[in-house]
There are 2 protein chains.
Amino acid sequence: MFAAQLDLTSASATGMHHRHGDGSSVAEQRLPSATVRRLIAKEHVFCEGDDREQVFQVEEGVIAVYKTLPDGRRQIIDFAYPGDLIGLGVLDEHVLSAQATVPSKVKCLSAAALERIAESDARLALKLYKSVCHELAATRSLLITVGQRSAIERVCAFLVALHRRTAEAESATVDLAMRRSDIADLLGLTIETVSRTLTKLRTMGVIEIAQGGTRVQLCDLARLTDLANE
Amino acid sequence: MFAAQLDLTSASATGMHHRHGDGSSVAEQRLPSATVRRLIAKEHVFCEGDDREQVFQVEEGVIAVYKTLPDGRRQIIDFAYPGDLIGLGVLDEHVLSAQATVPSKVKCLSAAALERIAESDARLALKLYKSVCHELAATRSLLITVGQRSAIERVCAFLVALHRRTAEAESATVDLAMRRSDIADLLGLTIETVSRTLTKLRTMGVIEIAQGGTRVQLCDLARLTDLANE
DNA sequence: CGGCGTTTTGAGATATCTCAATGGGAGTGG
DNA sequence: CCACTCCCATTGAGATATCTCAAAACGCCG
């Protein structure tokens, strides 16, 4: 449920989520100063086929990373939350598109600079490696959800993962910060099925939905985890 | 359709540039000589939860990398073919299981040694990074297949990918080298649906099936690609 | 207040699954 | 060399989860 975790800025940056940051950043001095870009809902960070000039780190909001089939069907690969890196890869072009689901901010970093530095800096290269390993684990987890689970299991797994990923301490409430269509395209379901499943969970007393369907209270997290089948 | 691509032997054989200037290959000296392990069909290379002491490179055969849900449903994440690396990761334990689908051979490499070397060798670390990027791309591609495509599209996509991955020059024939159940668990379908879809493709004249259902001739590769929806 | 995008709900259609039976090879032992 | 068995693949028929199409309700913003 995260694109990549990487602490590129050292202790000087505050308010970041560092998950496996392990000390100061070597890249710090050499990376050109990063600019921040604001995005409105539905605005693209980049599109498939664009030159991969930059890598982005989410600062605020949610970015949906996705790919579309020729006929328009869309699979969301990942939602990127603050701290996550998007746009990493080995090619010159982006192979995925990335779009804000709500008003967001991203920090723009030079892809070339990052990779040039990594060529001589094992610490940074290893960090990139580990970040992508984490992203890979998240993608696998989604693959399992989409390949094997029923609609209700998928939605429960999504809610549990979202909670783990974004919940502030103690709070059993998650903010969806996206449309039903985004959840549907992540889970390989239709909007209607997502909606029906959510109301079924509400009827079962496992969740409560507020604020126009965007704020979800997880009343029975244990039950929810159980329904997700791990 | 591949776990990870990495030429570890040439990395050391061709000599890498080291910042410490000792002139010889770090990887070469410190990677313990690799042993080769033979596996019979269905034998495991490693299981989820095992200590991640080694990383393996497939030499012969096919290895299914998978994860099972508590209730036994299984999602195959990837088939690893000769040259592919399996077992890379950031944790001390394997999070996936790996099992030969046919008699196979794997080269065993020390995970600790590999990662220790990568800590001081940016070239190797960057290779690991790029390998995992490729694996990530393959997993995403499967995710899209499983999340968005119909049964016939999934099977076509599988056949096309298998062909790209394993076909010798000019040959329009692929060797399945696995059971229907393996294909089903990769594509998120049932054995019966895979079987029915295959015979439908045969009826349509797009493929021919020989040798007890393991050898498939792709009579109309263009059509097959088309049916896969890219 | 009106309009727009989104979500919810309903009812019927359908792709895929489930359960069950049949068939085919490959290997084994007589 | 021929049964016999086992495992796997195929085929069929009915069940069902999810999708599709359609309408109504909601919430937000100008």
Whole angstroms only, please: what is the [atom1]-[atom2] distance between [X] and [N]?
X	N	atom1	atom2	answer
Gln148(A)	dA17(D)	CD	P	17 Å
Asp182(A)	dT6(C)	CG	C1'	12 Å
Ile40(A)	dG5(C)	CD1	P	14 Å
Leu201(A)	dT8(C)	CG	P	12 Å
Ile183(B)	dA9(D)	CD1	C1'	11 Å
Met178(B)	dC8(D)	CE	P	14 Å
Lys200(B)	dA15(C)	NZ	C1'	9 Å
Gln211(A)	dT7(C)	CD	C1'	16 Å

Closest approach to the side chain of [X], judged atom by atom: which nucleotide of [options] is it?
X	options	result
Glu192(A)	dA9(D), dG10(C), dT18(C)	dG10(C)
Thr193(B)	dT16(C), dT6(C), dT18(C)	dT16(C)
Thr199(A)	dT7(C), dT8(C), dT11(D)	dT8(C)
Ser150(A)	dT16(C), dT18(D), dT7(C)	dT18(D)
Arg196(B)	dT10(D), dG12(D), dT9(C)	dG12(D)
Thr190(B)	dC17(C), dC19(D), dT16(C)	dC17(C)
Ile191(A)	dT7(C), dT16(C), dT18(D)	dT7(C)

For Asp92(B), I'd like to know if atom CG has over 12 heavy atoms of other residues, nucleotides or ligands within 6.0 Å.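 No.
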Please classify the nucleic acid contact of Leu189(A) as base, sugar-phosphate, or nothing, using heavy-atom distances under 4.0 Å.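 Since only primed, P, OP1 and OP2 atoms lie under 4.0 Å of Leu189(A), the category is sugar-phosphate.
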Using a heavy-atom cut-off of under 4.0 Å over every strand shown, decide if Lys42(B) touches base, sugar-phosphate, or nothing.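 The residue Lys42(B) makes sugar-phosphate contact but no base contact.
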Go nucleotide by nucleotide along DNA chain D from the 5' end; which of Ile209(B) and Val194(A) gets its closest nucleotide reached first?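 The 5'-side residue here is Ile209(B).
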Does Glu60(A) form a salt bridge (charged side-chain N to carboxylate O under 4.0 Å, His left out) with Lys105(A)? I'd like the steps, not just the answer. CA-CA 5 Å; Glu60(A) 232 182 85; Lys105(A) 283 187 209 167; 3.2 Å; yes
Does either side chain, that of Ser150(A) or that of Glu153(A), offer a donor lying less than 3.5 Å from an acceptor on the other one? yes
Within this structure, what is the CG-CG distance for the pair Leu218(B) and Leu159(B), rounded to the nearest 0.5 Å? 6.0 Å
Spacing of Glu208(B) atom CD and Gln217(B) atom CD [to the nearest 0.5 Å]: 5.5 Å
Do Arg180(A) and dG5(C) have a side chain to base donor-acceptor pair shorter than 3.5 Å? no
